[in-house]
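What follows is one structure encoded as structure tokens, with my remarks underneath.
Chain letters run A, B, ... following the sequence lines, proteins first, then strands; residues in each count from 1. These numbers come from the heavy atoms of this one structure, side chains and all, not from hydrogens, waters or symmetry mates.
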Amino acid sequence: MVKTVRITLKNGDVVEKNGPVLLSDLCQEIGKRLFEDSVAAKVNGKLVDLSAIVDSDATVEFVTVKDPDALPVFRHSTAHVTAQAVKRVIPGAKLAIGPAIENGYYYDFHTQGELTLDLLPKIEEEIGKIIRENLFFKRVVMNKEEAIKFFSERNESLKVELIREIPDEALSVYNQGEFWDLCTGPHLPSTGKIKAFKLLNVAGAYWRGNEKNPMLQRLYGTTFPTKQQLDDYLKQLEEAAKRDHRKLGKELDLYSIQDLTGPGLILWHPKGAMIRKIIEDYWRDEHLARGYQLVYTPHIARVDLWKTSGHWDFYQDNMYKPIEVEDQEFMLKPMNCPFHILIYKTHKRSYRELPLRYGEMGTVYRYERSGVLHGLMRVRGFTQDDAHIFCAPEHLEQEIENCVRLALDILRKFGFEEFAITLSTGPFPSKAWEFGKGVSKKELYKKLLGETGDPAGLKEIEALSYDQIVDKFFGHRKNEFAGERNEWEHAEDVLVHVLQKVVVPLGIQPEIDIIGAAFYGPKIDIKVKDAIGREWQCSTIQFDFNLPRRFDVKYVGQDGKEHLATMVHRAMLGSFERFFGCLIEHYGGAFPFWLAPVQVRILPIGEKHLEYAKQVESELKKSGYRIEIDYQNEKIGAKIRDAQLEKIPYMLVVGDKEMESKSVSVRERKQGDLGTMALEQFLSTLPNH
RNA sequence: GCCGGGAUAGCUCAGUGGUAGAGCAGCUCACUCGUAAUGAGCAGGUCAGGGGUUCAAGUCCCCUUCCCGGCUCCA
């Protein structure tokens with residue numbers, strides 16, 4: 001008997017068929033136009049090939065080129081075509097993996113180093129050929145054994161390694177022309193559907209992301225359904241490059257990094273330093289207003305301090321070698337916390353004093369591997385806007401809430417509106433694990449064992465609880481975490497509660513990073529995006545169950561007994577260096593009026609207007625504005641151009657006309673000429689500094 | 001640290017094994033000017049550093065330093 005299949009379409013129509021339905025047939029039946037535009041389908045919400053067959057009742061939605069869901073399909077298919085082209089150009093290249101990523105795709109290959117930049121045009125040409133060949137993407141299901149044999153014969157040892165670790169017996173392989181790849185799909189119907197692609201870059205990448213594994217060559221590319229979209233994207237990349245803080249930092253004379261001082265060490269030039277000073281002033285005022293006290297601590301300390309804190313044992317790889325002075329060893333500080341603890345411990349503390357909040361703009365030095373340094377964003381010497389809160393457990397929630405609010409207030413003050421917030425937990429399952437999108441057991445398993453985990457485990461874990469999974473696969477490392485289980489659970493509950501109260505109502509969905517916490521406590525991180533979409537961590541709020549024990553940080557409670565203090569580390573901007581880098585990119589160098597190192601520049605038309613220019617200058621200086629006069633022997637057009645390129649918010653042109661009427665001709669950097677007005681009028685239009 | 005690509009005047013960049021270039025910036029002079037570049041002249045180089053090949057090296061090879069794109073790691 002033939003079974004009737006009822007298919008519910010996106011618009012609610014129901015189609016009944018006798019027997020299994022080939023989606024591409026159904027699509028064609030609905031409309032020629034739809035068929036031409038479709039690249040895949042969603043069956044009960046799951047993305048599948050158009051060549052898939054539906055044999056039971058289902059809802060079906062066709063994914064057209066305009067659908068955002070089509071993009072990953074385009075990219076993944078183009079990755080396959082790219083791999084095919086690479087194999088044609090470098091027959092010895094072994095396939096690794098090739099996923100779609102945020103703005104494109106990559107494919108990793110193991111080669112003898114043949115894959116280099118100058119081959120890109122040739123590979124692109126080959127991709128073009130494959131597209132014109134319009135090869136069909138065919139899905140073939142093999143069992144594990146067949147697949148291993150198949151890829152072994154084709155000398156694809158990396159693929160064989162992957163297959164061996166897939167728990168399922170049946171797996172899918174995709175084929176177009178002479179090219180075969182292990183893949184779950186879905187794919188475009190054929191290579192001819194690819195309309196616009198570009199290879200962007202080659203870079204090294206470790207096999208399976210592990211630096212002990214061999215290095216592969218990663219080919220980055222991107223693709224879009226239309227040429228226009230690709231061009232727009234490439235244009236966007238160019239625009240982003242113009243906002244790069246390293247380029248602007250040089251052009252605007254904000255900072256430099258020089259060979260003679262060394263990599264990752266920042267020289268703040270006067271204009272950059274002025275901006276930093278403004279940020280610092282704001283930071284100090286804000287913190288004093290919110291109950292913080294300021295402290296200052298030295299840059300070096302006896303090695304004994306770092307032995308007590310545990311940095312000697314656990315952080316040495318990031319610290320510079322000891323400095324010997326009169327037979328004693330000192331070390332440059334990588335963190336400020338031990339000093340703040342020492343200040344706390346100069347008295348016996350009462351519960352009445354708590355919470356104590358010590359803030360410091362503390363300059364720290366950390367060894368960073370040379371390859372990771374990046375302008376202002378990743379450096380070796382930096383100043384944290386650090387603070388440590390010492391409190392009793394009952395203060396925690398209020399303190400954390402205050403921290404999160406302060407962080408958001410500060411970041412918003414600087415114009416950031418988009419945040420990515422991450423909650424990193426310890427190894428003890430808590431409410432946090434279920435918070436937000438939650439964590440699947442599979443994710444947890446991968447997190448614990450990495451991609452190289454025993455595949456058998458994947459099946460087994462579904463029957464286990466979080467706790468059992470952690471104990472089974474991570475139990476041996478649990479004792480590396482400081483503090484008691486109940487402390488972790490309580491702290492994570494507090495963090496979740498605060499996020500629910502403060503962050504979720506803003507429409508921000510925090511990410512959960514299971515066991516992403518440092519060994520000493522769970523944390524909340526807030527990131528902002530840079531010009532090209534890279535996320536940089538600014539704020540961080542971290543519990544510490546370790547240092548209070550190591551330094552015996554206590555307070556006397558109402559009960560007259562000593563209790564272990566709870567300690568929170570927190571930085572709002574993160575570091576002045578990184579935050580400055582983010583600011584430069586965020587504003588593209590055109591800092592808002594209150595941050596601009598020069599707020600107003602006076603441009604005299606000629607020499608005879610200098611005297612008046614000076615009058616205007618002193619008048620404005622009385623109001624505390626940052627102002628300067630352009631003394632160049634140049635035409636007004638040139639002076640305007642210079643001020644414009646330096647992105648100075650206001651230019652005041654003064655000539656005969658202004659001198660006579662005691663006025664200024666105002667030009668704003670974006671709006672242009674605003675006309676002539678009395679000085680007082682100009683002053684009244686200025687934003688507060 | 002690893003893979004790949006780089007480093008030429010203060011900046012941005014040309015440069016084919018055969019005499020080191022341009023524009024901008026700087027300095028000097030002239031011009032005294034009305035909303036994005038006035039003109040002329042001058043000066044500016046251990047071609048990142050070191051070694052090698054060659055009759056001859058900015059150019060080819062090796063090492064070191066630093067930078068860029070990723071990977072890994074992180075504020």
Checklist entry - Is it true that A/F382 and A/Y365 have ring centroids separated by less than 6.0 Å? => result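 Between A/Y365 and A/F382, which both carry aromatic rings, the centre distance is not below 6.0 Å.
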
Is there a donor on the side chain of [X] or the base of [N] sitting less than 3.5 Å from an acceptor on the other?
X	N	value
A/N213	B/C71	no
A/R208	B/C71	no
A/R369	B/U72	yes
A/E658	B/G34	yes
A/N318	B/C74	no
A/Q542	B/A75	no

Taking atom [atom1] in both [N] and [M], what distance in whole Å separates the two?
N	M	atom1	value
B/A20	B/A30	P	36 Å
B/G39	B/G23	P	12 Å
B/A22	B/U64	P	36 Å
B/G15	B/G52	C1'	24 Å
B/U8	B/G21	C1'	10 Å
B/G18	B/A25	P	33 Å

Pair partner, [N] [Watson-Crick or wobble, under 3.5 Å]:
N	answer
B/C2	B/G70
B/G23	B/C11
B/A57	none
B/U28	B/A40

The side chain of [X] lies closest to which of these nucleotides: [options]?
X	options	value
A/L645	B/A36, B/C71, B/U35	B/A36
A/E211	B/C74, B/G34, B/U72	B/U72
A/E607	B/U32, B/C31, B/C71	B/U32
A/V653	B/A37, B/G34, B/A75	B/G34
A/Y206	B/U72, B/A75, B/U38	B/U72
A/Q217	B/C3, B/C31, B/A75	B/C3
A/R246	B/A75, B/G69, B/C71	B/G69
A/R667	B/G69, B/G70, B/U35	B/U35
A/E634	B/C71, B/U38, B/A36	B/U38
A/Q384	B/A75, B/A30, B/G5	B/A75

Heavy atoms only, 4.0 Å cut-off, all strands: where does [X] land among base, sugar-phosphate and nothing?
X	value
A/G655	base
A/I605	base
A/N210	nothing
A/N201	sugar-phosphate
A/Q644	base
A/A571	nothing
A/V364	nothing
A/E368	base

Are the charged groups of [X] and [Y] less than 4.0 angstrom apart, N to O?
X	Y	answer
A/R601	A/E617	no
A/E165	A/R208	yes
A/R218	A/D108	yes
A/R243	A/E238	no

Any [X] side-chain N or O less than 4.0 Å from OP1/OP2 of [N]:
X	N	value
A/K250	B/G10	no
A/K635	B/A36	no
A/H609	B/U32	no

Next on the checklist: With nearest nucleotide decided by heavy atoms, which residue, A/T540 or A/T676, maps closer to the 5′ end of RNA chain B?
Outcome noted: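 So the residue in question is A/T676.
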
Checklist entry - Does NZ or CZ of A/K647 lie under 6.0 Å from the centre of the six-membered ring of A/F591, at an angle within 45° of the ring axis? => result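 Judged by the rule, A/K647 and A/F591 form no cation-pi pair.
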
Checklist entry - Heavy-atom distance under 4.5 Å between the side chains of A/P604 and A/Y612, does that happen here? => result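 Side-chain contact under 4.5 Å: no.
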
Next on the checklist: Looking only at side-chain N and O atoms, does A/D525 offer a donor or acceptor that is under 3.5 Å from a partner on A/T422?
Outcome noted: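 No - no donor-acceptor pair under 3.5 Å links their side chains.
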
Item to check | Ring-base stacking, A/Y220 with B/G70 (5.5 Å, 30° cut-offs) | outcome: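 No; by the centre-distance and plane-angle rule, A/Y220 does not count as stacking on B/G70.
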
